[in-house]
Chemist: 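This is the structure I want to talk about, given as C-alpha cells.
Below, all heavy atoms of this structure are taken into account, side chains as well, without hydrogens, waters or symmetry copies. Just so it is clear, the model here is predicted, and its values are computed rather than measured.
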Amino acid sequence: MDRLTLFFLHPVSLYQGAAFPFALLFNYLCILDSFPTHARYLFLLAGGGALALAAMGSFAVLVFVPALWAAVLISWLGPRDVHRWAFISQMSWQTLCHLGLHYTEYYLRERPSTRFCITLSSLMLLTQRVTSLSLDIHEGKVKAATRGIGERSSLSEHLCEVLPYISYLLFFPALLGGPLCSFQKFQACVQGSGTLSPRRSLWALSQRGLQILGLECLKVVLGKVVRAGAGLADCQQLECIRVMWSTAGFFKLTYYSCWILDDALLHAAGFGPGFGHSPSEEGYLPDADIWTLETTHRISLFTRKWNQSTARWLRRLVFQHGGTWPLLQTFAFSAWWHGLHPGQVFGFLCWALMVEADYLIHTSAGLFVRSRRMHLLYRALTWAHTQLIIAYIMLAVEARSFSSLWLLCNSCNSVFPLVYCILLFLLGKRKQTFN
C-alpha cells in the first residue's frame with residue numbers, strides 16, 4: 001500500500017527541528033523591551049518565508065499567493081462578507097493544487113515530489129488559519145481595520161494594518177505543522193512579554209523530546225514487524241487482521257511523533273498553553289491525546305480527540321452550521337479538504353457512518369448492560385472493535401489508488417465496519433419505530 005503521507009512527514013520533521021533555534025530566539029527576544037511589536041511580526045513573517053523557501057523551493061509561491069490574497073480580502077471586505085469570500089477563494093485555490101496532485105498520480109502515474117507534498121500540507125494548514133480568522137471577524141471576535149477600495153492611505157499605514165494578518169498566516173512555528181492557533185492567541189503572545197521560563201521550558205521540551213524518542217523506538221520495532229509480514233495482497237483470512245492492525249499502528253505512531261514535535265516547536269516559540277491558557281481553552285488545543293486515543297471504546301470520542309484542533313475547527317466551520325445532516329456534511333468537507341482521493345472519500349464516508357452507529361449502539365447498550373462483569377466485558381469488546389474499525393478507516397484514507405482500496409475492501413477486515421452498519425440500520429429502524 002502506497003504511504004504517500006509518510007513519504008513527506010519525515011522531511012517535514014527535519015525542517016521543524018531546524019526551526020527550533022529560531023523559535024527559542026524569538027521567545028528570548030520577546031522578553032527584551034527593545035524588541036518592538038512590529039519587529040516581532042516581521043521576525044515571524046521572515047522566518048515563515050525562509051522556512052517555506054527551504055522546505056518547498058519554488059512551490060512556496062503556492063502558499064504565498066493565497067496568504068497575500070487573504071490579507072487583501074480581510075483589509076477590503078467588511079465582517080459580513082469576508083468569511084464567505086475568504087472561504088471560497090482559499091478552498092478553490094487548494095482544490096486546484098490538489099487536482100495537480102491527482103494529475104501527477106493518476107494520469108501521469110508518477111510519484112509527486114516531496115516539496116510539492118509539503119506545499120500541499122502547508123496549504124491545508126493555511127486554509128485553517130484563513131477560515132478561522134475570517135470566521136472570527138465575521139462573528140465579531142476580531143475587529144479588522146477594513147478599508148474600502150476607494151479609500152486613500154499611505155502605503156506604510158496600510159502595511160502596518162495588514163502586517164499582523166500576513167504574519168499570522170505565515171508565521172514559521174505553524175507553517176509546516178502544529179495545532180491551530182487562533183488569531184487572538186497569536187496576537188496576545190506577540191504583543192505580550194516573553195513566556196520563556198528556563199526551568200519550566202526546559203522541562204516541557206525535555207518531556208516532549210522523551211515522548212518522541214519513545215514513539216520513534218516503537219516505530220522502529222513495529223516497522224520491522226510490518227515489513228517482515230505479508231501485505232494485504234498476500235495475507236490469508238485472520239492474518240489480514242494482524243496486517244491491518246500493525247500497519248495502522250505504524251501510521252498512528254508516525255502521526256503522534258509529528259504532532260508532539262509540532263507542539264514542542266510552538267511551545268518553544270511561546271505559543272503553547274503557558275501564556276495564560278490551559279490546554280483545554282479556546283486559544284490552544286494540542287493535537288495528540290495518546291492515552292484517550294488508545295484506550296477509548298467509543299469511535300465518537302476517538303473522532304473528537306484525533307487531531308483535536310482540526311476536529312474543533314471542522315466542528316466550528318461546518319458542523320455547527322450544518323443543516324439536516326451536519327455529521328455527514330462535516331466528513332464530506334473533510335474529504336474535500338484532504339484532497340478527495342478515492343480512499344479518502346470512502347474512508348471519511350465510512351467514518352461518518354461509524355460515528356452515527358456508535359451513538360446508537362452505546363445509547364442502546366446503556367439500557368441492557370447492568371452488572372459490573374457485563375460492563376467490563378462490554379468495554380473490552382467495544383474497545384477492540386473500535387480500534388479495528390479505526391485501523392480499517394485509517395488504511396482506507398491512506399490508500400492512494402483504487403487497487404489498494406480494493407485489497408482492503410476485499411479482505412476479511414471489512415467485517416468490522418459491516419457489523420456497525422448492520423447495527424446502525426437495525427437500531428435506526430427501531431428508534432424510528434419507537435418515535
Side-chain angles (χ1 to χ4, degrees), residues 1 3 5 222 225-226 229-253 255 290 292-307 311 327-328 331 334-335 341-366 368-369 374-430:
M1 183 172 292
R3 300 178 179 88
T5 302
L222 194 55
V225 173
V226 172
L232 283 177
D234 307 317
C235 64
Q236 294 181 354
Q237 298 176 359
L238 295 179
E239 186 185 10
C240 294
I241 299 175
R242 181 193 61 80
V243 172
M244 180 184 70
W245 197 321
S246 58
T247 306
F250 186 80
F251 278 122
K252 287 197 286 186
L253 288 174
Y255 280 113
I290 300 176
T292 302
L293 290 171
E294 295 300 323
T295 59
T296 183
H297 69 297
R298 299 204 57 170
I299 295 176
S300 55
L301 180 58
F302 183 98
T303 304
R304 290 193 297 271
K305 293 296 183 180
W306 177 262
N307 201 354
L327 186 66
L328 186 60
F331 279 97
S334 184
H341 292 274
Q344 291 168 348
V345 175
F346 173 80
F348 283 111
L349 176 61
C350 178
W351 201 340
L353 292 175
M354 296 302 101
V355 172
E356 193 67 38
D358 179 82
Y359 288 131
L360 290 175
I361 290 169
H362 291 283
T363 301
S364 302
F368 302 102
V369 179
M374 285 296 295
H375 182 71
L376 291 175
L377 179 62
Y378 166 75
R379 282 190 67 100
L381 291 176
T382 50
W383 171 83
H385 203 103
T386 294
Q387 295 300 321
L388 287 168
I389 288 176
I390 292 300
Y392 184 90
I393 292 171
M394 189 165 293
L395 264 65
V397 170
E398 296 297 340
R400 312 299 295 196
S401 64
F402 286 104
S403 59
S404 299
L405 185 60
W406 174 250
L407 284 175
L408 178 65
C409 295
N410 201 35
S411 68
C412 64
N413 295 310
S414 296
V415 170
F416 303 111
L418 184 60
V419 169
Y420 263 40
C421 285
I422 294 172
L423 290 174
L424 173 62
F425 174 76
L426 294 176
L427 294 175
K429 192 173 181 180
R430 177 175 174 270

Chemist: How many angstroms lie between CD1 in I299 and CD in Q387, if you round to the nearest 0.5 Å?
Modeler: 9.5 Å
Chemist: Verify side chain to side chain contact (heavy atoms under 4.5 Å, CB included) between H385 and H297, making sure each step is shown before the conclusion.
Modeler: CA-CA 8 Å; H385 203 103; H297 69 297; over 6 Å; no
Chemist: Write down the atom of V345, the atom of A335, and the distance for their closest heavy-atom approach.
Modeler: CA-CB, 4.4 Å
Chemist: If you look at every heavy atom in G249 and L222, which pair is closest and at what distance?
Modeler: C-CD2, 3.4 Å
Chemist: Is the ring pair W306/Y255 parallel, tilted or perpendicular, if the boundaries are 30 and 60 degrees?
Modeler: perpendicular
Chemist: Got a second to check how far W245's CH2 is from K252's NZ, nearest 0.5 Å?
Modeler: 8.0 Å
Chemist: Taking all non-hydrogen atoms of both residues, which atom of Q344 and which atom of V397 are closest, and how far apart?
Modeler: CG-O, 3.6 Å
Chemist: Just by distance, do the side chain of S411 and the backbone of L408 share a donor-acceptor pair under 3.5 Å?
Modeler: yes
Chemist: Holding to side chain to side chain contact (heavy atoms under 4.5 Å, CB included), I want the full list of residues that pass it with S403, two or more places apart in sequence or in another chain.
Modeler: S401
Chemist: Kindly compute the distance separating CG (L405) from CG (N410), expressed to the nearest 0.5 Å.
Modeler: 11.0 Å
Chemist: Apply side chain to side chain contact (heavy atoms under 4.5 Å, CB included) to residues L349 and F331 and explain how you reach the verdict.
Modeler: CA-CA 7 Å; L349 176 61; F331 279 97; over 6 Å; no
Chemist: Donor-acceptor pairs under 3.5 angstrom involving side-chain atoms of residues 414-428: please list them, not counting sequence neighbours.
Modeler:
from	atom 1	to	atom 2	distance (Å)
S414	OG	Y392	OH	3.0
S414	OG	C409	O	2.7

Chemist: When you look at R242 and V225, which way does the side chain to side chain contact (heavy atoms under 4.5 Å, CB included) test go after all the steps?
Modeler: CA-CA 10 Å; R242 181 193 61 80; V225 173; 4.1 Å; yes
Chemist: For G347 and I393, which heavy atoms make the closest approach, and how far apart are they?
Modeler: O-CG2, 3.8 Å
Chemist: Any idea which heavy atoms bring W383 and T296 closest together, and the distance?
Modeler: CD1-O, 3.2 Å
Chemist: Sequence neighbours excluded, which residues qualify as salt bridge (charged side-chain N to carboxylate O under 4.0 Å, His left out) partners of R379?
Modeler: none
Chemist: R298: what forms a salt bridge (charged side-chain N to carboxylate O under 4.0 Å, His left out) with it, not counting sequence neighbours?
Modeler: D358
Chemist: Scan for salt bridge (Lys or Arg N to Asp or Glu O under 4.0 Å) pairs involving residues 343-357, sequence neighbours excluded, and state none if there are none.
Modeler: none
Chemist: Quick one: does L232's side chain get under 4.5 Å of L395's, heavy atoms only?
Modeler: yes
Chemist: State which residues pass disulfide (SG to SG under 2.5 Å) with C235; sequence neighbours excluded, sorted by chain then number.
Modeler: C240
Chemist: Could you go through the ring pair (Phe, Tyr, Trp, His ring centres under 6.0 Å) check for H362 and Y378 one step at a time?
Modeler: CA-CA 10 Å; H362 291 283; Y378 166 75; 5.6 Å; yes
Chemist: What are the two closest heavy atoms between C412 and L238, and how far apart are they?
Modeler: SG-N, 4.4 Å
Chemist: Indicate yes or no for a side-chain donor-acceptor contact from T247 to the backbone of M244 under 3.5 Å, with no hydrogens or angles considered.
Modeler: no
Chemist: Please round to the nearest 0.5 Å and tell me the distance separating atom OG1 of T295 and atom CZ of F302.
Modeler: 11.0 Å
